Amino acid sequence: MELVAGETLAERIQRGPLSAEEARSLFIQIAEGLGAAHEKGVIHRDLKPANVMITPEGIVKILDFGLAKALVREGEPALDTSQSPTLTKGTALGVIMGTEHYMSPEQARGKPVDKRTDVWAFGCCLFEALSGRKAFDGEVGTDVLGAVIHNEPDWNALPTIAPRRLLERCLRKNRHDRLQDIGDARIELADQGAEPTTQTRSVKPLALVLMLATLAGIAIGAGLLSLFGNDARPLPEPKRFAIPLREGERIRNYFLSWDNPLVFSPDGSHLVYAASRGSTSFLYLRDMSSGETRQVSGTTGATDPFFSPDGQWVGFLAESRLKKVRLAGGEPEVITAKRFSLEGGASWGPDGWIVFAAKEGLFLVSVDGGESEGLTTSSFDRFPSFLPGGQQISFTATDAAVFDDMANFQDGERLVILDVASRERTGLEELGRASSGVYLDSGHLAFARGSDLLVTAFDPAARGIRGEPRLVTSGVFATTSGRSYFAVSRNGDLSLLLGNPAERSVVVVDRAGREHHVAQGQYMHPVFVSDSAYES
């Protein structure tokens, strides 16, 4: 047998979902391999990630044709179960050949199979590669087979940029309605790479939510953020138009602040922002299609909104507790019973965990509540964000040596990747000063450098930067505490506040009422010191 070096697709998926570009490259090759087998009159019948090898050069090899058989004609009688070989890989069933998670419905029923069974398995593998989850799963083999026959995959688990139409055509229960030839899947994936408007290395139209320095209102714009690795094409100029706040509302913002007042849903369809009426803040939900805005019920005093991965819930901080509320309606639910101060936001992961930043470091808590678990112990760790698969977190770490020097505070900011299970840290030192990293489904990392917003190609599995960062826009509202006010959806929609914190004048007023301007800048809490030079 040929010795094939490399790793299996299953091993690659264990490190996290594949980017759309990586998956497209690999699955075009898988489709070519299956097509070659089908042209020879052979169907695989046991295609799964464990049977796909990826060489160090990125070449795909389909292995283990041990269950392969010649193509059969429509209407061929099913194999008598007494003659079916016992399956020794993947299931305890002895009358059905294949691995249950990737079996087609006809295969699971023991009916005749043809090349459309391989099309089904191809769809299962592609779904798993993009989402990090099996398309059909269960506690035991019979549960899985039941899901294969009766259930639909969790389409919400897919990144927005995924080729959902192709996956739906591969995973139709009735094989007569399914994609009829694996070559069509290859063509569709190849076309996606060739079409500029759907290119997996680019990000769909960018939505900018802007806050003017006067805080008079929010503005929103649409532009195109084109990310082509090391391609030096200039970024298009974003377009902007105004969305006025309702009377009496103002966006929460403080130039010495850890919170973020706005966030996009993962698919970019809704925007949630925290705004104040008088001395009380509330969360507001804006439908980006209709333009309608409504107050989210049960969010009195809420700050720091963050979305669930499916976009159905929004989490927030209120009364010094993390809470969540279903956007479709209902009462808010308390996540953390213990009161605390949120010091740098929160992120909701794909497996039902929330990571949040408090004064004592980063913590992990179940979305259903319970005790929180400490991940780090530094009060300088802030702005966490889950990476694909939910096993790694990006966060901002600041050198404690510059923490007390607010003028140089941001100079000490660095992005760090944390493995949740092992607590292993990897610093992205090549980025230099960087904060608030957020991963995009296009395979890029968006981050802030002061008031500049940048993107760079990023491999979460290797925890490595690829290529030089690209500037998206300047003038992002950046606080002296290191928070840059932006949020980004999985598909690349971006919300941000534009403008700089208003400069303040330090003024001394004498007993005659005359004002003496001492300094201009981002100052606060001036006090007199007992010194003869100042007293004079």
Side-chain angles (χ1 to χ4, degrees), residues 7 12-26 54 56-58 132 159 161 199-203 206 225-235 347 355 362 376 381-399 410-420 422-474 476 478 482 484 486-492 494 496:
E7 65 176 348
R12 169 60 188 87
I13 294 173
Q14 284 182 345
R15 303 202 313 268
L18 281 65
S19 68
E21 178 64 23
E22 183 181 5
R24 189 179 71 87
S25 173
L26 295 180
I54 308 169
E57 296 75 29
I161 203 169
Q199 184 158 202
T200 55
R201 294 195 302 170
S202 66
V203 179
L206 172 73
L225 168 59
S226 298
L227 308 173
F228 296 100
N230 293 323
D231 194 336
R233 299 182 212 181
L235 293 175
S347 177
V355 59
L362 301 182
T376 71
D381 296 340
R382 307 174 316 284
F383 318 141
S385 178
F386 275 103
L387 295 178
Q391 302 304 308
Q392 298 183 103
I393 294 168
S394 161
F395 71 93
T396 303
T398 303
D399 184 358
Q410 293 183 350
D411 290 340
E413 294 177 335
R414 296 292 184 270
L415 282 183
V416 176
I417 307 301
L418 174 70
D419 186 280
V420 175
S422 67
R423 304 293 197 268
E424 180 185 355
R425 297 181 181 221
T426 302
L428 303 182
E429 301 296 336
E430 58 268 45
L431 292 180
R433 173 184 170 187
S435 175
S436 307
V438 180
Y439 183 78
L440 311 182
D441 285 344
S442 61
H444 293 81
L445 190 70
F447 66 95
R449 183 177 291 158
S451 60
D452 291 339
L453 181 65
L454 302 96
V455 292
T456 185
F458 176 70
D459 183 354
R463 305 182 191 179
I465 302 299
R466 300 175 301 183
E468 293 296 321
R470 301 282 300 280
L471 178 67
V472 177
T473 188
S474 298
V476 180
S484 297
F486 79 94
V488 66
S489 67
R490 292 185 314 208
N491 61 1
L494 173 70
L496 56 91

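Bear in mind the structure is a predicted one, so any value in this text is a computation, not a measurement.
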Margin query: Between Ser435 and Phe383, does the side-chain contact (heavy atoms from CB on, under 4.5 Å) criterion hold? Intermediate values first, please.
Written below: CA-CA 8 Å; Ser435 175; Phe383 318 141; 3.5 Å; yes
Item checked: Heavy-atom closest contact (Pro17 atom, Gly389 atom, distance) -> CD-N, 3.4 Å
Next item on the list: Determine the minimum heavy-atom distance between Gln392 and Val420, stating which atoms define it.
Entry: N-CG2, 4.3 Å
Next item on the list: Quick one: list whatever passes salt bridge (charged side-chain N to carboxylate O under 4.0 Å, His left out) with Glu429, sequence neighbours left out.
Entry: Arg414
Margin query: Evaluate Leu415 against Ser394 for side-chain contact (heavy atoms from CB on, under 4.5 Å), listing each step before the verdict.
Written below: CA-CA 7 Å; Leu415 282 183; Ser394 161; 4.2 Å; yes
Check: Can you name the side chain to side chain contact (heavy atoms under 4.5 Å, CB included) partners of Ile54, sequence neighbours left out?
Finding: Leu9, Arg12, Leu26
Check: Do Asp459 and Ile465 have side chains that get closer than 4.5 Å, going by heavy atoms?
Finding: no
Notebook entry, point to check: With a 4.5 Å limit on heavy-atom distance, are the side chains of Phe458 and Leu431 in contact?
Noted result: no
Note to self: Determine whether Leu428 and Leu445 satisfy the following criterion, side-chain contact (heavy atoms from CB on, under 4.5 Å), listing intermediate values before the conclusion.
What the structure shows: CA-CA 11 Å; Leu428 303 182; Leu445 190 70; 3.9 Å; yes
Check: Residues two or more places apart in sequence or in another chain: which of them pass side-chain hydrogen bond (donor to acceptor under 3.5 Å, both in side chains) with Thr456?
Finding: none
Next item on the list: For Pro384, check side chain to side chain contact (heavy atoms under 4.5 Å, CB included) against everything at least two apart and list the hits.
Entry: Val355, Ala357, Leu362, Ile393, Phe395
Item checked: Contacts of type side-chain hydrogen bond (donor to acceptor under 3.5 Å, both in side chains), residue Thr426, not counting sequence neighbours -> Arg463
Note to self: Check Arg433 with Asp452, please: is the shortest side-chain N to carboxylate O separation under 4.0 Å?
What the structure shows: no
Check: With the threshold set at 4.0 Å, does a side-chain nitrogen-carboxylate oxygen contact exist between Glu7 and Arg15?
Finding: yes
Item checked: side-chain hydrogen bond (donor to acceptor under 3.5 Å, both in side chains) partners of Gln14, counting only residues at least two apart -> none
Note to self: Does any part of the side chain of Thr376, heavy atoms only, come nearer than 4.5 Å to the side chain of Leu418, both counted from C-beta?
What the structure shows: yes
Check: Please walk me through it: do Glu413 and Arg382 pass salt bridge (charged side-chain N to carboxylate O under 4.0 Å, His left out)?
Finding: CA-CA 10 Å; Glu413 294 177 335; Arg382 307 174 316 284; 3.7 Å; yes
Checklist line | Pairwise side-chain contact, Phe447 with Ser436, heavy-atom cut-off 4.5 Å (strictly under) | finding: no
Next item on the list: For side-chain contact (heavy atoms from CB on, under 4.5 Å), just list the numbers for Leu387 and Ile417, CA-CA rounded to whole Å, side-chain angles, deciding distance to a tenth of an Å, and then say yes or no.
Entry: CA-CA 9 Å; Leu387 295 178; Ile417 307 301; 3.8 Å; yes
